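These figures come from a predicted structure and were not determined experimentally.
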Amino acid sequence: MAYVGKYYDKSDYRVYCLVGDGESAEGSIWEALHFASFYRLDNLCVVFDINRLGQSQPTALQHDIATYEKRVDAFGFHAITADGHDIPELIKAFHDASQVKGKPTAILAKTYKGKNFPGVEDKENWHGKPLGANSSSTLEYLRTLAKKERKDLNLSISEPAGSVPTVNIANIKLSSPPEYKPDDSVATRLAYGTALAKLARSNARVIALDGDTKNSTFADKIKQVSADNYIECFIAEQNLVGVAMGAACRDRTVAFVSTFAAFFTRAFDQIRMGAISQTNVNFVGSHCGISIGEDGPSQMGLEDIALFRTVPGATVFYPSDAVSCERAVELAANTKGICYIRTSRPNTSILYKNSEVFEVGKAKVVKHSADDKVLIVGGGVTLHEAVSASKLLAAKGVHARVLDPFTIKPLDAAGIIRNAKEAGHKIVTVEDHYPEGGLGEAVLSAVASEKNIVVKKLAVKEIARSGPPAALLDMFGISASAIVKAVEELLR
Ligand SMILES: Cc1ncc(C[n+]2csc(CCOP(=O)(O)OP(=O)(O)O)c2C)c(N)n1
């Protein structure tokens, strides 16, 4: 929020953030402090409520204010210490913070948990508990406090000053439609970058954030439109997600946040809190699955579909070619709630005409005949393996229908059921993902109440290895030949 205020709104509003001392053991707090000082967010004032106590015991530093001071100073903050119960002192601290230029301020407020509450102040074992026997004496204290005239304070609160530009982020379109030739071979991650730049050309409030992978996710393409529309968040994924949510809040920007799909697992708490806060952030996870090849298992996102499917209200896009990926990015920009777009590393062929229209929750049948005996459902690289498998099967006289779900959540259940019924009531799902919570399980849920539909799932069932992508697809049973084998077993 402070970054947006300083660099996009260019307004003089200030942002205040309250941090618990117990909570400040979190690494994400220090990621955020580092970000704020690196970008010289002097419109940010962080208040540390140093009340010595956490939930179950005292904090590590208790009231060691000097150590907090050294730490925030080392992180590039202007530190102000204050008695957190002394209102005039706090007013002065907030005023002083507002005068600091070039760096954010941290107010280190020494406080006592349950201050002045009889029998509670500064005592352990009161966190989140009803006051019980202490209720009446506490109420009495609060009544006296309410009656007390605060002659010592001269609190006149002025109207917020400064103006904020009006922003319109509705109905953002690609500046030009997809332009691919039928024989092009383009990675969906590259199509993401192309679409991102096209959106930014249409609306200056479309921004991208990444954690030092922008030349792999192709988020850096937005810099061709304007370098200002990109926020580098470095290798600190929890804060990367936090910054994206701050930037998107109050509809100030349309934020696309990217990194390798695998690394969003580091920020799952931020993502689920984003859902609770009703954020509209768009997540883009590249380098999904074993098809990244030589980079090896630490970089392979094999649980990302499961992760994002569990987020309430989320939309999960899994585009399989450059045309559908550009449209997924455009749809995500205009879809409320959390969106996730899964992009792939390898170049893949073009499946759709440039004029093809895509909708959230609407699958595409990419190959069909009147004699289909099985429905194969794939996504990304495995959709291309499914198309190859259908050709190999056709040579053996077996016709297979191939379906691209386009979004895994919501899944086009009606489309899948209809096509499965037309194709022998048999489905093979194939995904570059672990078997749990991915495409196969989404399809299984969609057909769960249907009688006589059988589903066979192909997925990556073990810890993968480094190797050439084609060899890995074969080794882990999600290649065209593995699909042919699965179909033959199912039809036997
Ligand atoms: C990520 C996370 N871990 C643990 C908790 C459980 N929890 C709630 S409050 C709390 C203590 C927080 O202490 P502090 O930040 O000092 O806040 P305060 O003492 O002001 O309540 C804990 C451990 C939580 N809410 N979130």
Side-chain angles (χ1 to χ4, degrees), residues 268 271-272 275 288-289 301-320 328 335 337-342 358-368 372-380 382-383 385-386 389-390 393 398-462 476-478 482-492:
F268 189 43
I271 295 168
R272 60 176 273 282
C288 69
L302 284 159
E303 53 287 281
D304 53 314
I305 299 179
L307 185 151
F308 280 98
R309 276 184 71 217
T310 64
V311 175
T315 305
V316 179
F317 295 88
Y318 192 3
S320 297
T335 301
I338 284 178
C339 288
Y340 176 60
I341 305 173
R342 185 180 216 227
F358 290 86
E359 281 175 60
V360 169
K362 273 274 162 4
K364 297 278 180 193
V365 173
V366 293
K367 195 166 182 301
H368 76 286
D372 293 335
K373 296 286 179 287
V374 63
L375 175 68
I376 310 172
V377 183
T382 62
L383 186 72
E385 295 298 314
S390 73
L393 287 163
V398 177
H399 293 281
R401 189 167 295 192
V402 179
L403 182 139
D404 166 9
F406 182 58
T407 54
I408 313 285
K409 182 180 176 176
L411 188 71
D412 185 356
I416 288 172
I417 291 167
R418 191 177 61 249
N419 282 288
K421 285 182 176 171
E422 288 171 15
H425 293 76
K426 292 186 176 58
I427 303 177
V428 171
T429 64
V430 53
E431 61 193 306
D432 196 356
H433 188 275
Y434 290 136
E436 292 82 11
L439 169 66
E441 292 202 338
V443 170
L444 271 169
S445 307
V447 304
S449 324
E450 294 297 314
K451 290 188 187 116
N452 307 326
I453 293 185
V454 180
V455 180
K456 193 171 173 63
K457 268 172 44 182
L458 300 180
V460 181
K461 297 198 176 82
E462 295 162 56
F476 294 97
I478 58 169
I483 299 168
V484 169
K485 195 163 157 258
V487 167
E488 287 175 343
E489 277 169 16
L490 201 58
L491 296 181
R492 200 171 287 151

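The aromatic rings of F317 and F406 sit perpendicular, their planes meeting at an angle over 60°, well past the 30° parallel limit.
A distance of 10.5 Å separates CD1 in I376 from OG1 in T429, rounded to the nearest 0.5 Å. Taken from NZ in K461 to CD1 in I478, the straight-line distance is 10.0 Å, to the nearest 0.5 Å. In this structure, CZ on F268 lies 11.5 Å from CG on D304, to the nearest 0.5 angstrom. Rounding to the nearest 0.5 angstrom, the gap separating the CZ atom in R342 from the OG atom in S320 is 10.5 Å. Atoms CD1 and CD, on I483 and E488 in that order, are 12.0 Å from each other to the nearest 0.5 Å. Of the inter-residue distances, the one linking F476 atom CZ with L458 atom CG reads 14.5 Å to the nearest 0.5 angstrom.
Taking all atoms of both residues into account, the shortest heavy-atom contact from I338 to I271 is CD1-O, 3.5 Å. Of all heavy-atom pairs spanning A420 and I453, the tightest one is CB-CD1, 3.9 Å. Smallest separation of non-hydrogen atoms from L411 and P405: CD1-CB, 3.8 Å. The heavy-atom pair separating L490 from K426 by the smallest distance is O-CE, 3.5 Å. In terms of heavy atoms, L439 sits closest to G379 at CD2-N, 4.1 Å. Considering every non-hydrogen atom in both A446 and I417, the closest pair reads O-CD1, 3.5 Å.
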Start with the C-alpha distance between E441 and K457, add both sets of side-chain angles, then the distance that settles salt bridge (Lys or Arg N to Asp or Glu O under 4.0 Å), and finish with yes or no.
CA-CA 8 Å; E441 292 202 338; K457 268 172 44 182; 3.2 Å; yes
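Contact of the E385 side chain with the V430 side chain is not registered, since no non-hydrogen atoms from C-beta on lie closer than 4.5 Å. Put simply, the side chain of R401 reaches to within 4.5 Å of the side chain of E422, judged on heavy atoms. Contact check for V398 versus L491: side-chain heavy atoms found under the 4.5 Å cut-off.
Under a 3.5 Å cut-off, the side chain of D372 and the backbone N or O of H368 do not form any donor-acceptor pair. Of the possible polar contacts, one joining the K409 side chain to the V311 backbone as a donor-acceptor pair under 3.5 Å is found. Panel note: side chain H433, backbone I305; a donor-acceptor pair is recorded below 3.5 Å. Checking side-chain atoms of D412 against main-chain N and O of A363 turns up a donor-acceptor pair under 3.5 Å. Listed for the Y340 side chain is no donor-acceptor partner under 3.5 Å among the backbone atoms of F308.
Partner of V443 under the side chain to side chain contact (heavy atoms under 4.5 Å, CB included) criterion, chosen from V377, V428, I408: V377.
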